[in-house]
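This report concerns only the one structure given below.
Because the structure is predicted, anything quoted here is derived from the model rather than measured. Every chain is numbered from 1, with letters handed out A, B, ... down the list of sequences.
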Amino acid sequence: MIVDQVIAASLTLTTPILLAAMGGLVNRQGGIVNIALDAKMLAGAFVAVIVSSMTGGWFVAVLSAAVAGALVGYLFSLVITRANANMIVAGLGLNVLVAGFIGFILNWVYDSSGTLRLPDVQLLPKFMPDFVSGIPVVGLALSELEPLTVFAWITVFTLPFLLANTRIGLWVRATGNAPQVARAMGISGRNVQDFSTAFAGFFSGLGGAHLALASIGLFNEGLTAGRGFIALAAFYFGRDRPVTTALVCLLFGFLDATQIRMQTAGLPPKLIGTIPYLMVLVALCIAGWRNHRRKAVAP
Amino acid sequence: MAEAASIGRSPLMDWFDKGIGLAFPFIVALVVAAVVLLAIGENPLDVFALMFAESFGTQRRIAATLSAATPLLFTGVATAICFRSGVFNVGVEGALVIGGLCAAFIGFTLPAALGLTLIPLAFGFAALVSAIWLLVPGFLLARYEVDEVVSTLMLNFVAFGITGYLVNGPLLSEISGNNVTPLVHEAAQLPRLMPPSTLHTGFLIGVLVVILYGVWARRTPSGFEAALVGQNKRFSSAVGISIPATIILVMVLSGVISGLGGASHALGQLHRFADGFSPGYGFTGMAVALLGRNNAIGIFLGAVLFGALASAGTTVQLFSDIPLDIVNIIEGTVMIFAVVELGRISLKRWRARR
Amino acid sequence: MNVRNAARDETGQVSVRLGADRLCKSYGSIEANRDISITVAPGEIHAIVGENGAGKSTLMRMLQGIEQPDSGRIIVDDQVVDLTGPQRAFTLGIGMVHQEFMLAPDLTLLENLVLGDEPVIRALGPASTIDWRSALESGERLARETAAHVDWSRTARNTPVHIQQFVEIIRLLRRGTRILILDEPTAVLAPQQVDDLFALLKKLRDGGTTILFISHKLREVMALADQVTVIRRGEVQYTSPVAETDPDTIAGHMVGGQGVLPESAADAKSRQAVVGDVVLEVSGLTTPIVEKSHPLHGVGFELRKGEIIGLAGVSGNGQNELVECLVGLRPVGGGVVSFAGQDITHMSNQQRRARGMGYISADRRHEGLALEASVEANVIAGSQRKPPISNGGFFNRRAMRRAAEERLSFIGVRHGGLDNAAGDLSGGNQQRLVFAREIASRPSLLIVSQPTRGVDLVGIAAIHGILSDFRRNGGSVLLISEELDEILALSDRILVMADGAIVGETSASDADIGHIGRMMVIQGAGDG
Amino acid sequence: ADVAPAALIIAQGGLGDGSWNDTANAGFQAGLKNTGIEGRPIESKDVAAQGEEIMRRAADGGFGLVISLEWIHGEPMEKLAVDYPDANWVIMNQTRKGDNVASVVFGEHEGSYLAGALAAQVTTDESIKGINGKPVIGVIGGVKAPGIDKFIVGYIQGAKAINPDIEVKVAYSDSFGDPAKGQQMAKAMFDEGADIVYQVAGGTGIGIIEAAKAAGAYAIGVDTDQDGMAPGNVLTSMIKRVDVAVEDIINNYADGKFPGGEVMDFGLAQNGVALSDMKHTKDMIPAAYLEKVDALKADIVDGKIEVWDVSTQGYPDFFQ
Ligand SMILES: Nc1ncnc2c1ncn2[C@@H]1O[C@H](COP(=O)(O)OP(=O)(O)OP(=O)(O)O)[C@@H](O)[C@H]1O
Ligand SMILES: Nc1ncnc2c1ncn2[C@@H]1O[C@H](COP(=O)(O)OP(=O)(O)OP(=O)(O)O)[C@@H](O)[C@H]1O
Ligand SMILES: [Mg+2]
Ligand SMILES: [Mg+2]
């Protein structure tokens with residue numbers, strides 16, 4: 001049926017955005033607006049395909065993708081926290097740089113351009129028992145679950161706990177909220193920020209791995225298709241709260257999944273693509289206006 | 001962003017400082033590129049020599065470089081005008097694309113009989129629409145403190161969506177194999193400066209914009225006020241400068257210049273609007289502005305350097321096996337290191353020690 | 001005061017818990033601390049008083065290891081220690097509550113309490129889960145011990161300031177602080193809240209904690225401290241057990257002896273009441289409460305042409321807020337401000353300036369000047385649209401240079417060149433630069449806040465000269481200063497501000513430094 | 001051979017698009033190999049604006065053959081051909097004047113017509129595995145652009161020629177490199193009753209074929225023979241011989257027989273476009289359907305049927 005299809009598609013399309021958004025959200029709670037999530041997703045996808053083909057194991061591939069993303073994120077963070085680079089411009093630069101490097105490696109190591117198709121790429125396994133597909137409405141979505149989607153949603157519901165209850169979670173929030181206070185309390189704000197950026201890289205890398213290994217098993221330069229920016233939009237819209245952000249991601253995933261239906265309804269695809277960004281703009285305006293009101297009425 | 005509200009603060013040291021600021025990121029980028037080139041067994045010096053020859057070797061190549069630099073003159077200034085006032089506008093790209101579409105629209109819809117008046121009309125319309133485009137986030141920032149980085153970033157994507165839709169729908173050329181508008185009337189096309197090179201009058205307009213920007217920044221009260229706001233908001237409002245008015249002014253100016261840049265590119269280079277109108281001139285413009293430390297001469301040099309990279313980066317492929325990715329690597333590295341303060345910090349320290 | 005003797009104390013008991021021995025600290029040409037020596041006994045509450053800029057915070061920062069002294073030694077528990085940083089001070093049991101709040105606004109109080117030293121369920125490094133239950137227990141135990149009522153689940157942002165103050169103290173105690181330094185802990189508290197805080201501090205003292213606290217308010221010192229030290233211009237002026245002194249004596253040492261008054265003060269007594277037109281009229285001025293600001297409660301006064309009104313008061317009593325309301329940098333809650341017969345209550349700063357108001361900000365480094373900008377830019381700012389500096393929308397560079405030179409030389413600002421950064425000037429010259437700018441636009445009214453803070457004696461005389469000249473030429477001045485000498489030297493009339501209201505008034509001829517000092521620091525004394 | 005080198009200017013989207021640029025480049029490389037001529041593909045991020053400078057530089061730099069894959073380079077090339085009469089110029093998908101200009105046009109619309117005709121016959125034949133009785137088929141384009149709609153319109157026309165009541169679902173993925181999205185879109189189409197989806201979306205199409213495989217339905221490949229990407233689930237592929245065209249040109253150029261001034265039509269008649277051999281699906285499709293397709297092909301070649309060409313005729317009434 002159509003409903004279960006839409007649910008399944010929304011869920012699948014949500015996962016990469018969701019993973020990147022979870023990373024970006026922690027990063028922003030730590031005080032860094034990361035607009036280079038896209039670059040880290042791309043790096044993750046690239047590494048995932050290579051490692052999966054080399055080892056034939058999806059788990060190692062996914063892990064390597066995450067580590068690669070984290071590494072890129074960490075280096076990026078150093079530029080911001082140690083060399084005081086402006087995070088926005090450096091982020092834009094990183095997007096260009098990573099694309100350049102990957103293109104370069106594709107060219108010189110794999111002698112191809114744009115697409116990397118390797119033999120024996122192992123995809124993410126679908127592990128649910130067969131009978132679930134018989135469950136009405138959600139059966140299809142369930143039967144298509146793979147580990148990363150499950151992990152992403154586990155993260156959504158554990159992240160609030162981790163942020164609230166672990167030392168590092170507290171440090172991240174304190175650093176983002178009041179760096180001078182964190183410093184006075186003996187916490188190295190820079191290290192915490194570096195951690196949060198590496199964390200964002202880790203999750204973006206996972207998002208990239210999902211894009212590459214969920215079903216298609218190959219790498220393409222355009223694979224991320226700006227999803228890093230959609231993730232950014234999601235956690236801005238979700239005000240850095242994991243569950244809200246996840247719902248926004250789900251909404252964006254749903255928009256993607258129903259895009260084809262909206263096209264049938266006569267909406268041009270280009271305009272449909274702007275909906276997430278327009279939503280964020282509207283959300284920003286409402287938040288700004290409310291803030292303004294609150295200040296104006298302050299007793 | 002520390003270009004002092006310096007009405008003429010220009011002893012030798014200052015120039016030295018700026019020179020380092022401009023050169024440092026490029027040196028880092030060249031080192032990175034050299035490492036990559038060595039890794040693939042190319043001699044970096046040969047490659048750099050070839051790239052230099054391809055960008056400045058002959059008159060024609062210089063013209064090609066300047067032609068590639070033309071849009072960056074506009075986007076560099078449009079960005080610098082905001083950065084200088086402490087407004088982090090990353091929406092120049094979107095405004096440029098919108099402006100380009102508007103100019104092309106005027107250029108092919110109005111009757112050709114209007115002749116040369118088409119050009120000012122197209123430029124004017126582009127400037128107007130782009131100014132309104134950036135006025136929106138400017139207003140939101142000035143009045144409601146809506147974070148301009150995110151609002152302008154989001155607006156870029158909206159601009160891509162709208163122009164992408166229009167150029168495929170209502171404004172699509174009747175018969176074409178691609179998403180392009182019809183060609184603008186011949187009268188609306190900017191004449192070329194050094195035929196056969198594609199260098200066109202838009203370059204002169206761009207240079208004029210840079211000069212006007214320099215004059216505005218250093219020789220007018222409003223440029224002075226904007227710089228003060230960028231340096232110290234509390235001070236500025238204490239001496240009677242309106243912060244919201246300044247923010248709105250610089251955003252509108254930025255929009256106007258982005259629009260002019262789009263018009264120049266549409267009427268001078270492509271003679272229409274098309275998919276792939278801008279490969280990110282607005283974003284490169286940010287690097288240009290930062291590299292040039294928001295200073296007019298710095299912006300000009302920065303734009304030329306990036307123009308050289310773009311023009312040489314493609315044509316070297318004719319004569320060597322260097323892939324385009326090297327250019328991306330250089331460009332990305334320059335962008336990142338343009339904003340790194342290492343060079344400046346150590347220079348300041350060194351100066352403080354003396 | 002003699003450390004070696006103290007160390008030889010034969011009972012084996014520590015006699016000096018915290019001491020400073022001839023500490024010196026200079027910032028450039030400013031000697032913030034000169035040979036400061038103090039000793040604080042265990043279980044003592046020691047008050048440090050002194051005017052703004054006297055060097056109190058500098059001393060505290062050195063005792064906390066944030067700043068290193070240029071010379072001199074620091075003693076803890078009779079031992080000379082090397083305070084390499086705040087972390088070292090922490091391990092020695094020294095903790096400080098800063099002048100500004102050190103709580104992360106969006107974290108809960110409990111989170112703020114444990115931040116940086118979290119109790120964990122199982123040690124897994126940074127990934128350990130925080131043991132909130134034990135955190136809460138320790139917080140509540142300490143709160144109980146200190147008789148504070150704290151709702152630990154609130155965010156700091158939504159917590160009243162005095163509770164925030166408590167939490168900061170409790171946080172230090174939790175980390176084993178035995179020596180508590182408080183920098184003006186009462187500046188933002190309401191009287192009732194101050195009493196609560198004092199009860200807490202006394203309790204702590206009785207429990208053996210040593211407390212060093214900075215205050216401007218003598219009532220508080222008398223109520224709380226065991227020992228008081230007065231610092232003036234970077235030097236220890238006076239020190240005494242509180243029981244053996246009285247507010248008048250302390251106030252006298254704080255505001256300085258008679259001898260240091262500049263000459264111009266001599267003619268103060270001969271001044272007549274000014275009878276010109278009313279230039280500035282303020283009535284019933286109130287402000288909303290905004291974080292960390294003192295609200296105004298119905299401030300009213302009149303300022304006449306050719307008159308200097310001195311506004312005396314201890315910092316943090318609403319002077320800054322009043323100034324900002326008058327110059328249009330802070331929205332007014334209620335009341336009316338009129339200037340030259342016109343209601344300007346809701347006008348912008350720009351409009352007020354256009355009507356002839358000038359403003360010398362107390363915060364020279366952030367509001368009075370743009371330190372990175374050139375001297376020329378700073379002295380021209382505000383006049384950038386006026387001819388001949390600009391004509392038809394463009395600067396006349398020559399005229400601008402000339403105007404800048406004229407303005408600077410009129411007041412005698414010494415600078416290395418118009419193109420140098422204003423931040424490169426010495427403090428006194430920076431302040432002259434501000435005057436040069438503000439006088440140049442020929443205002444009819446100057447709002448002047450702390451005009452001589454950080455300025456040397458020659459500079460002070462010059463600035464006083466400028467103000468006197470300005471008045472002689474028909475200008476009106478509202479002078480806000482914590483230097484009573486200064487107010488006495490210049491004012492025709494003196495208003496005293498305390499707790500967001502004008503609490504007293506006296507004419508220059510009747511002015512008595514002791515009386516004014518009492519009104520300032522001992523609330524209500526003015527009435528009696 | 002001391003023939004001057006050749007340059008191939010890559011169109012927007014760059015190498016790695018999995019279709020147009022990649023296929024042409026493959027032919028280019030093959031041609032160079034055959035003839036021993038030197039040559040290089042040229043990419044630019046700013047290919048729209050830089051095209052003219054690149055082509056001029058190539059001519060100045062002693063290149064004897066310049067092939068541009070970018071549609072927008074048509075106009076400047078016409079002028080350049082005059083400035084550089086000794087160089088040979090090739091443009092695609094449009095007709096440009098000049099003795100030393102060869103224009104190459106493809107009959108994508110014609111090939112797509114056949115694909116549509118085949119799909120329309122198959123989609124109602126429930127005897128074929130995975131086919132439902134509903135007359136519903138689909139097509140997914142990479143972006144909405146005339147170059148893509150040329151395929152789509154041909155496909156629709158072919159389908160309607162078989163069954164005027166057929167429903168052809170059309171959608172665009174808005175990207176040529178997003179297989180994840182292609183997969184989801186195709187899934188949605190299958191789910192709505194389509195059983196055959198034609199992909200005109202480059203790299204995105206990989207996902208469409210994946211989706212067909214997963215759904216047990218059919219995709220139609222494009223550009224190259226994609227039948228083997230999911231054997232049995234790719235009904236056929238609309239092969240477009242860009243590679244052949246480019247290789248041909250280089251061969252001719254090497255032999256001194258550059259087709260200057262000619263329009264090289266790579267339509268059905270010239271075998272420039274064709275349906276694949278259907279190695280994996282031929283046996284499950286009733287022969288009658290294939291015969292019908294062959295008949296239609298003959299009619300097109302003979303000019304009895306005219307297939308609408310968006311790139312020269314604009315949009316037809318039956319498509320928006
Ligand atoms: N970091 C610094 N750089 C330069 N000068 C400084 C610095 N810190 C303090 N000063 C100067 O040292 C002097 C003493 O300052 P300090 O902050 O110790 O005064 P205070 O007694 O705490 O005053 P307040 O009551 O206003 O807090 C002042 O003249 C001040 O301007
Ligand atoms: N964190 C806290 N710990 C202890 N007492 C508190 C705390 N926060 C507030 N109080 C006390 O509770 C009383 C009411 O505080 P407050 O004015 O914040 O309440 P409220 O107006 O109901 O709060 P809200 O604005 O959140 O509705 C005051 O006496 C205040 O001192
Ligand atoms: Mg202090
Ligand atoms: Mg069917």
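How far CG of B:Leu228 is from CD of C:Glu372: 11.5 Å, rounded to the nearest 0.5 Å. To the nearest 0.5 angstrom, B:Arg219 atom CZ is 10.0 Å from C:Asn396 atom CG. Atom CZ of residue B:Phe224 and atom CD of residue C:Glu376 lie 8.0 Å apart, to the nearest 0.5 angstrom.
Pairing each heavy atom of B:Phe235 with each of C:Asn378, the nearest pair is CZ-OD1, 3.5 Å. C:Gln350 and B:Gly240 make their closest contact through CG-O, 2.9 Å (heavy atoms, listed as atom of the first residue, atom of the second, distance). Of all non-hydrogen atoms in C:Phe395 and B:Thr220, the two that sit nearest each other are CE1-O, 3.3 Å. Minimum interatomic distance between B:Pro221 and C:Arg385 (heavy atoms only, all atoms of both residues): CB-CG, 3.7 Å. Between B:Ala238 and C:Glu367, the shortest heavy-atom contact is CB-CG, 3.6 Å.
Of the possible donor and acceptor atoms, one in the side chain of B:Asn232 sits under 3.5 Å from a partner among the backbone N and O of C:His366.
Comparing C:Gly382, C:Ser441, C:Ala381 by heavy-atom pairs within less than 4.5 Å of chain B, the highest count is held by C:Ala381. Annotation: maximal heavy-atom pairing with chain B below 4.5 Å, among C:Ser383, C:Gly328, C:Ala354, C:Gly368, occurs at C:Gly368.
Proximity to chain B (any heavy atom under 4.5 Å) is shown, for C:Ser348, by neither the backbone nor the side chain. Only the side chain of C:Tyr359 comes within less than 4.5 Å of a heavy atom in chain B; its backbone stays farther off. Both the backbone and the side chain of B:Ser222 come within less than 4.5 Å of a heavy atom of chain C. For a residue to count as touching a neighbouring chain, one of its non-hydrogen atoms must lie under 4.5 Å from one of that chain's; by this rule C:Arg352 does not touch chain B.
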**Asked** How far apart are the C-alpha atoms of C:Arg397 and B:Arg218, what are their side-chain angles, what is the distance that settles it, and do they pass the side-chain contact (heavy atoms from CB on, under 4.5 Å) test?
**Response** CA-CA 10 Å; C:Arg397 294 287 295 125; B:Arg218 288 173 167 270; over 6 Å; no
**Message:** side-chain contact (heavy atoms from CB on, under 4.5 Å), that's the test. Do C:Arg437 and B:Val239 meet it? Break it down for me.
**Reply:** CA-CA 10 Å; C:Arg437 179 183 66 229; B:Val239 297; 3.8 Å; yes
**Prompt:** Stepwise, does the side-chain contact (heavy atoms from CB on, under 4.5 Å) test hold for C:Leu329 with B:Ser237?
**Reply:** CA-CA 8 Å; C:Leu329 294 174; B:Ser237 51; 4.1 Å; yes
**Item:** Working for side-chain contact (heavy atoms from CB on, under 4.5 Å), residues B:Arg234 and C:Asp363
**Value:** CA-CA 10 Å; B:Arg234 264 185 75 194; C:Asp363 189 350; 3.0 Å; yes
